[in-house]
Amino acid sequence: MLELPLLKMSFRFTKFDLRHLRYFAENLHPELLGGAVALVAVGLTAAYFYHRLTKVPKKCLDPNNFKEFELIKKTQLSHNAARFKFALPTPTSVLGLPVGKNILARGRDSSGAEVMKSYTPITLDSDVGYFELVVKMYPNGKMSHHFRQMKVGDKLAVKGPKGRFSYKPGQVRAFGMIAGGTGITPMFQITRAILENPKDKTKISLLYANVTVDDILLKEELDNFASKYPSQFKVYYVLNKPPNEWNGGVGYITKDMIQTHCPAPARDIQILMCGPQPMNNTMTSYLNELGYTSKMQFVF
């Protein structure tokens, strides 16, 4: 059966037989014949463009070769952190990054030497035409220098996907997430994927540590998640230097905080960690003491 979409109409030919078409043409009034042919041509054109618009978006990442993407927007989030938006080749392109994976970015340090570092985009493949990174730029960081110097119009070379973690909806009953600083980015990516999928009922408990309130990256988005999905997502902020009025955690993430805010050890839960190495080491020690097995833990 041939179906030609045209606006809100479609033409259906259950048996597309040339003998039927010849009989139809011979008995059609000459003035109507040209109109019929034109109508079919318009239908075929519409079908072509319909196919172009509804085909699977092109994935842009290459695991073996670096590809360059243009910076189209840079938003300062704090004194040392910014949000970078990069354009993909077409408005319908997607990055092609599975949930839980990251990309490798290449740049130049202050001496001009080539440097590389892994980053997790905060966007998903449901965001077409662009991808975004949230980057904290440290005074002596080599890739930090590259991002600090970037301006709209510059290009960033990346390749991927890479990483050891893979996520599939419903693979665990609940996640406990422990993040520090920019370690929030893989947690944010996974959280978005879960909460934006109505069929994924995975529960998430996030412990997020920073120095000051201004250092909390993506706080507005995280608070919106907590407000919109109160039974599925909970976040507990921990600050080393909290303001006078503060109802979150103070100091560093403790074993008691993990016990209070994360799911208890079980075969169908997992604790994800991402932060500075000393923090990850301390958290791993706490989790071991609380009875979480190595299979229940993952460090990005």
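Quick note: residue numbers are just sequence positions, from 1. Only a predicted model underlies this, so the values are computations on that prediction, with no experimental measurement involved.
No continuous path of ILVMFWY side-chain contacts below 4.5 Å connects Phe165 to Leu287, so the two sit in separate hydrophobic clusters. Criterion: ILVMFWY side-chain heavy atoms under 4.5 Å apart, direct or through other members. Under it, Val238 and Met187 are not part of a common hydrophobic cluster. Hydrophobic clustering (side-chain heavy atoms under 4.5 Å, transitive across Ile, Leu, Val, Met, Phe, Trp, Tyr) groups Met279 together with Tyr286. Hydrophobic clustering, with ILVMFWY side chains joined whenever heavy atoms are under 4.5 angstrom apart, groups Leu77 together with Phe188. Cluster annotation: Met296 is connected to Met283 through the hydrophobic network of ILVMFWY side chains, with a link wherever side-chain heavy atoms come within less than 4.5 Å.
Phe84 has its ring centre no less than 6.0 Å from the ring centre of Tyr119.
Checked options Lys85, Arg83, Lys73, Lys74; the residue passing with Glu132 is Arg83 (criterion: salt bridge (charged side-chain N to carboxylate O under 4.0 Å, His left out)). Here the options are Phe147, Tyr130, Phe131, the test is ring-ring contact (aromatic ring centres under 6.0 Å, His included), and the partner is Phe86; only Phe131 passes. With His146 as the partner, the side-chain contact (heavy atoms from CB on, under 4.5 Å) test is satisfied by one option alone out of Gln149, Met150, Arg148: Met150. A side-chain contact (heavy atoms from CB on, under 4.5 Å) with Val134 holds for exactly one of Thr120, Leu218, Thr75; it is Leu218.
The aromatic rings of Phe300 and Phe298 sit perpendicular to each other, their planes meeting at more than 60°, with 30° as the lower class boundary.
The distance from atom CE of Met257 to atom CD1 of Ile178, rounded to the nearest 0.5 Å, is 11.0 Å. Once rounded to the nearest 0.5 Å, the distance linking CG of Leu206 with CD1 of Ile184 reads 4.5 Å. Taking CG of Leu239 as the reference point, atom OH of Tyr208 lies at 10.0 Å (rounded to 0.5 Å). Atoms SG and CD, from Cys262 and Gln270 in turn, are 12.5 Å apart once rounded to the nearest 0.5 Å. Rounded to the nearest 0.5 angstrom, Lys201 NZ and Leu195 CG are separated by 10.5 Å. Atom CG of Leu61 is separated from atom CZ of Phe66 by 11.0 Å, given to the nearest 0.5 angstrom.
At most 12 heavy atoms of other shown residues, nucleotides or ligands fall within 6.0 angstrom of atom CD in Glu220. Heavy atoms from other residues, nucleotides or ligands lying under 6.0 Å from NZ of Lys241 number 12 at most. For Lys142, the NZ atom sits in a loose shell: 12 or fewer heavy atoms of surrounding residues, nucleotides or ligands are nearer than 6.0 Å.
The closest side-chain donor-acceptor pair between Asp256 and Thr254, if any, does not fall under 3.5 angstrom. Inspection of the Asp215 and Thr212 side chains reveals an N or O donor paired with an N or O acceptor under 3.5 Å. Residues Asn65 and Asp62 bring a donor and an acceptor atom of their side chains to less than 3.5 Å of each other. A donor-acceptor contact under 3.5 angstrom links the side chains of Ser93 and Thr90, judged on distance only.
Within the structure, no pair that satisfies the salt bridge (Lys or Arg N to Asp or Glu O under 4.0 Å) test touches residues 86-107, not counting sequence neighbours. The stretch residues 290-300 participates, sequence neighbours left out, in these side-chain hydrogen bond (donor to acceptor under 3.5 Å, both in side chains) pairs: Asn288-Gln297.
Of the possible polar contacts, none joining the Gln189 side chain to the Val99 backbone as a donor-acceptor pair under 3.5 Å is found. The backbone N or O of Gly275 lies less than 3.5 Å from a partner atom in the side chain of Asn280, making a donor-acceptor pair.
Minimum heavy-atom separation, Leu104 to Ser118: CD1-OG, 3.8 Å. Among all heavy-atom pairs drawn from Gly96 and Asp125, the shortest one is N-OD1, 3.0 Å. The two atoms that bring Met137 and Gln76 nearest to each other are CE-NE2, 4.4 Å, heavy atoms only.
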* **Steps toward side chain to side chain contact (heavy atoms under 4.5 Å, CB included) verdict (Tyr236, Leu207)** => CA-CA 5 Å; Tyr236 186 73; Leu207 281 170; 3.5 Å; yes
* To do: Determine, step by step, whether Phe225 and Arg192 satisfy the side chain to side chain contact (heavy atoms under 4.5 Å, CB included) criterion, reporting the C-alpha distance in whole Å, the side-chain angles of both residues, the deciding distance to 0.1 Å, and the verdict.
  => CA-CA 9 Å; Phe225 287 158; Arg192 263 198 69 187; 3.5 Å; yes
